[in-house]
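Have a look at the structure below, then the notes.
All residue numbers in this chain count up from 1 along the given sequence.
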Amino acid sequence: MSFRAILRAKPAFVAPSFRPVALGGIRFASGAHAHETESYESFNSRYQTFFSSVGDLFELQRGLNNCFAYDLVPSTEVIDAALRASRKVNDYATAVRILEGVKEKVENKGQYQAYLDELKPTIEELGITTSEQLYGKN
């Protein structure tokens, strides 16, 4: 059998074609978020409650990713709860990164310093070092 004859030959087995099943008009990724019109107070309350009940590192990091994705800076109560949750799951690096996340979210160094000043008792209680203290950067 020649090479061309092999290419033209039909395969012995033809896999059936599968068609995706329609879900009857339900749209799971509609783009509308359940918390789109949430107030700042309810946002802070929701995440403070969430971080207070965190059970493992994955859950903490998922919550941090969602919390910091919004176009606002979480309150110091939320950051306090997140810092305590990171120590609860014994992940020191995440605690330092939470403070770095706050530094990136605020508009200027003065706001960041205000957060650090208000969180100072918690930071000292949990033994957290800021990245500036670790690396000597500002």
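Nearest heavy-atom pair, Phe68 versus Val102, reported as atom, atom and distance to 0.1 Å: CE2-N, 3.8 Å. Residue Val54 comes nearest to Ala85 through the heavy atom pair CB-CB, 4.2 Å, listed as atom of the first residue, atom of the second, then distance. Contact detail for Ala95 and Ile128: the closest heavy-atom pair is CB-CD1, 3.8 Å.
Listed by chain and number, the residues in a ring-ring contact (aromatic ring centres under 6.0 Å, His included) with Phe43 are Tyr47, Tyr70 (sequence neighbours excluded). Residues passing the side chain to side chain contact (heavy atoms under 4.5 Å, CB included) test with Glu118 are Thr76, sequence neighbours excluded. For Lys88, there are no side chain to side chain contact (heavy atoms under 4.5 Å, CB included) partners two or more places apart in sequence or in a different chain.
A distance of 11.0 Å separates CG of Asp91 from CG of Asp56, quoted to the nearest 0.5 Å. For the atom pair CG (Leu83) and OG1 (Thr122), the distance works out to 7.0 Å, reported to the nearest 0.5 Å. Ser131 contributes atom OG, which lies 11.0 Å from atom CZ of Arg97 (distance to the nearest 0.5 angstrom). To the nearest 0.5 angstrom, Arg62 atom CZ is 12.0 Å from Cys67 atom SG. If you take OG on Ser53 and CD on Gln48, they are separated by 11.5 Å, rounding to the nearest 0.5 Å.
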### Check against side chain to side chain contact (heavy atoms under 4.5 Å, CB included), Phe51 and Ser86
CA-CA 9 Å; Phe51 289 127; Ser86 68; over 6 Å; no
### Message
For a side chain to side chain contact (heavy atoms under 4.5 Å, CB included) check, start with the C-alpha distance between Arg46 and Phe50, then their side-chain angles and the critical distance, and finish with the verdict.
### Response
CA-CA 6 Å; Arg46 179 167 58 98; Phe50 176 83; 5.6 Å; no
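The closest donor-acceptor contact from the side chain of Tyr92 to the backbone of Thr129 lies under 3.5 Å. Using modelled atom types, no side-chain atom of Lys105 and backbone atom of Pro74 make a donor-acceptor pair closer than 3.5 Å. Of the possible polar contacts, none joining the Asn65 side chain to the Gln61 backbone as a donor-acceptor pair under 3.5 Å is found. Proximity of a side-chain donor or acceptor of Glu104 to a complementary backbone N or O of Gly101 within less than 3.5 Å is not detected. Between the side chain of Gln113 and the main chain of Lys109, no donor-acceptor pair closer than 3.5 Å is present.
More than 12 heavy atoms of other residues, nucleotides or ligands sit less than 6.0 Å from atom CZ of Arg87. In the displayed structure, Asn90 atom CG is contacted under 6.0 Å by at most 12 heavy atoms of other residues, nucleotides or ligands.
Within the 4.5 Å cutoff, the side chain of Thr130 has no heavy atoms near those of the Val96 side chain. Looking at heavy atoms from C-beta onward, Leu126 lies in side-chain contact with Arg84 at the 4.5 angstrom threshold. Side-chain atoms of Asn108 and Gln111, non-hydrogen and from C-beta on, do get closer than 4.5 Å to each other.
Hydrophobic clustering (side-chain heavy atoms under 4.5 Å, transitive across Ile, Leu, Val, Met, Phe, Trp, Tyr) groups Leu134 together with Leu116. Linking Ile, Leu, Val, Met, Phe, Trp and Tyr whenever their side-chain heavy atoms come within less than 4.5 Å puts Tyr135 and Leu99 in one cluster.
Between the side chains of Ser52 and Thr49, no donor-acceptor pair is found at a separation under 3.5 Å. For the residue pair Tyr112 and Glu132, a side-chain donor N or O sits within less than 3.5 Å of a side-chain acceptor on the partner.
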